S.K.: 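I have a structure I would like to understand better, so I am pasting it below and will then ask my questions one at a time.
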Amino acid sequence: NAVPDEKSVVEGQGVEYVYIPVDFFNPTQAEYERFSAALDNAEGQKVHIHCAANFRVSGFYGRYAVERGLWNPAEADAFIRELWNPDKFPCWIEFLSVDQ
């Protein structure tokens, strides 16, 4: 809801639009799996991912990058912490520690 009519704007530029709503206070494995599948399906293509404050997406991408062997956990943690502090949100500490 951060950009009015975002889907039409993006698709109007010829870009595929994938919307994955995530409750900041309750990120789920199902949402993460949908996010991961979208990135896996776009392998080799340019991808723009974002959320309103880049908190949720940085957490999702940091975990994805570690699980795919693109980053080590320290790199993912540094990336996330440049934007926000997940220590203040226990749900995110638990979410980010899965499979790491």
Side-chain angles (χ1 to χ4, degrees):
N1 297 324
V3 177
D5 205 23
E6 181 176 48
K7 181 178 182 182
S8 294
V9 171
V10 171
E11 290 180 340
Q13 300 298 310
V15 177
E16 180 182 0
Y17 180 82
V18 178
Y19 176 62
I20 305 169
V22 175
D23 177 348
F24 182 77
F25 296 103
N26 186 31
T28 68
Q29 182 64 25
E31 294 158 347
Y32 174 72
E33 288 172 6
R34 187 165 176 226
F35 173 87
S36 296
L39 286 183
D40 289 345
N41 289 335
E43 186 175 354
Q45 300 174 46
K46 290 183 181 182
V47 176
H48 175 79
I49 55 176
H50 78 97
C51 67
N54 287 328
F55 292 1
R56 291 167 290 197
V57 76
S58 64
F60 272 50
Y61 187 77
R63 181 174 159 187
Y64 176 87
V66 169
E67 289 181 2
R68 297 304 188 274
L70 304 170
W71 290 346
N72 65 47
E75 291 170 312
D77 189 59
F79 172 74
I80 294 164
R81 289 174 187 280
E82 283 183 29
L83 301 167
W84 63 293
N85 183 355
D87 294 338
K88 296 180 180 181
F89 305 96
C91 63
W92 281 95
I93 293 300
E94 181 179 335
F95 178 81
L96 294 171
S97 66
V98 174
D99 293 5
Q100 291 188 26

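Note that the structure is a prediction, hence the values are computed from the model and not measured.
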S.K.: If only atom types and distance count, is the side chain of Asp77 paired as donor or acceptor with the main-chain N or O of Pro73 below 3.5 Å?
M.R.: no
S.K.: When you look at Ser8 and Asp5, which way does the side chain to side chain contact (heavy atoms under 4.5 Å, CB included) test go after all the steps?
M.R.: CA-CA 6 Å; Ser8 294; Asp5 205 23; 3.2 Å; yes
S.K.: Considering residues at least two apart in sequence or located in another chain, which fulfil the side-chain contact (heavy atoms from CB on, under 4.5 Å) criterion with Glu11?
M.R.: Lys7, Tyr17
S.K.: Only pairs at least two apart or in different chains count here, so list each salt bridge (Lys or Arg N to Asp or Glu O under 4.0 Å) that has a residue in residues 21-34.
M.R.: none
S.K.: Using ring pair (Phe, Tyr, Trp, His ring centres under 6.0 Å) as the criterion, point out the one residue from Phe60, Tyr19, Phe95 that pairs with Phe35.
M.R.: Phe60
S.K.: Ala76 and Gly62: which non-hydrogen atoms are nearest, and at how many Å?
M.R.: CB-O, 3.5 Å
S.K.: Taking the side chain as C-beta and beyond, is there a heavy-atom pair between Pro90 and Ile93 under 4.5 Å?
M.R.: no
S.K.: How long is the span from the CH2 atom in Trp92 to the CG atom in Asn85, to the nearest 0.5 Å?
M.R.: 13.5 Å
S.K.: Looking at residues at least two apart in the chain, or sitting in another chain, which of them share a side-chain contact (heavy atoms from CB on, under 4.5 Å) with Glu16?
M.R.: Val18
S.K.: Apply salt bridge (charged side-chain N to carboxylate O under 4.0 Å, His left out) to Asp87 and list each qualifying residue two or more places apart in sequence or on a separate chain.
M.R.: Arg81
S.K.: Determine whether Leu83 and Trp71 fall in the same hydrophobic cluster, where Ile, Leu, Val, Met, Phe, Trp and Tyr are linked whenever their side-chain heavy atoms lie under 4.5 Å apart.
M.R.: yes
S.K.: Do Ile20 and Val9 share a hydrophobic cluster, counting only Ile, Leu, Val, Met, Phe, Trp and Tyr and linking them when any side-chain heavy atoms are less than 4.5 Å apart?
M.R.: no
S.K.: Do Asn26 and Cys91 come within less than 4.5 Å of each other through their side chains, counting heavy atoms only?
M.R.: no
S.K.: State yes or no: do Ile49 and Leu70 share one hydrophobic cluster built from I, L, V, M, F, W and Y residues joined by side-chain heavy-atom distances below 4.5 Å, directly or via other members?
M.R.: yes
S.K.: If you look at every heavy atom in Leu96 and Gly59, which pair is closest and at what distance?
M.R.: CD2-O, 3.3 Å
S.K.: Between Glu75 and Asn72 (side chain of the first, backbone of the second, donor and acceptor by atom type, cut-off under 3.5 Å), is there such a pair?
M.R.: yes
S.K.: Angle class for the Phe24/Phe89 ring planes (parallel below 30°, perpendicular above 60°, tilted otherwise)?
M.R.: perpendicular
S.K.: What residue pairs, at least two apart or across chains, pass salt bridge (Lys or Arg N to Asp or Glu O under 4.0 Å) with a residue in residues 36-45?
M.R.: Asp40-Arg68
S.K.: Could you go through His48 and His50, starting from their C-alpha distance and side-chain angles, then the distance that decides it, and tell me whether this counts as side chain to side chain contact (heavy atoms under 4.5 Å, CB included)?
M.R.: CA-CA 7 Å; His48 175 79; His50 78 97; 3.7 Å; yes
S.K.: For residues 51-61, which residue pairs pass the side-chain hydrogen bond (donor to acceptor under 3.5 Å, both in side chains) check, not counting sequence neighbours?
M.R.: Ser58-Trp84
S.K.: Check whether Val47 and Val22 end up in the same hydrophobic cluster, where Ile, Leu, Val, Met, Phe, Trp and Tyr are linked by side-chain heavy atoms less than 4.5 Å apart.
M.R.: yes
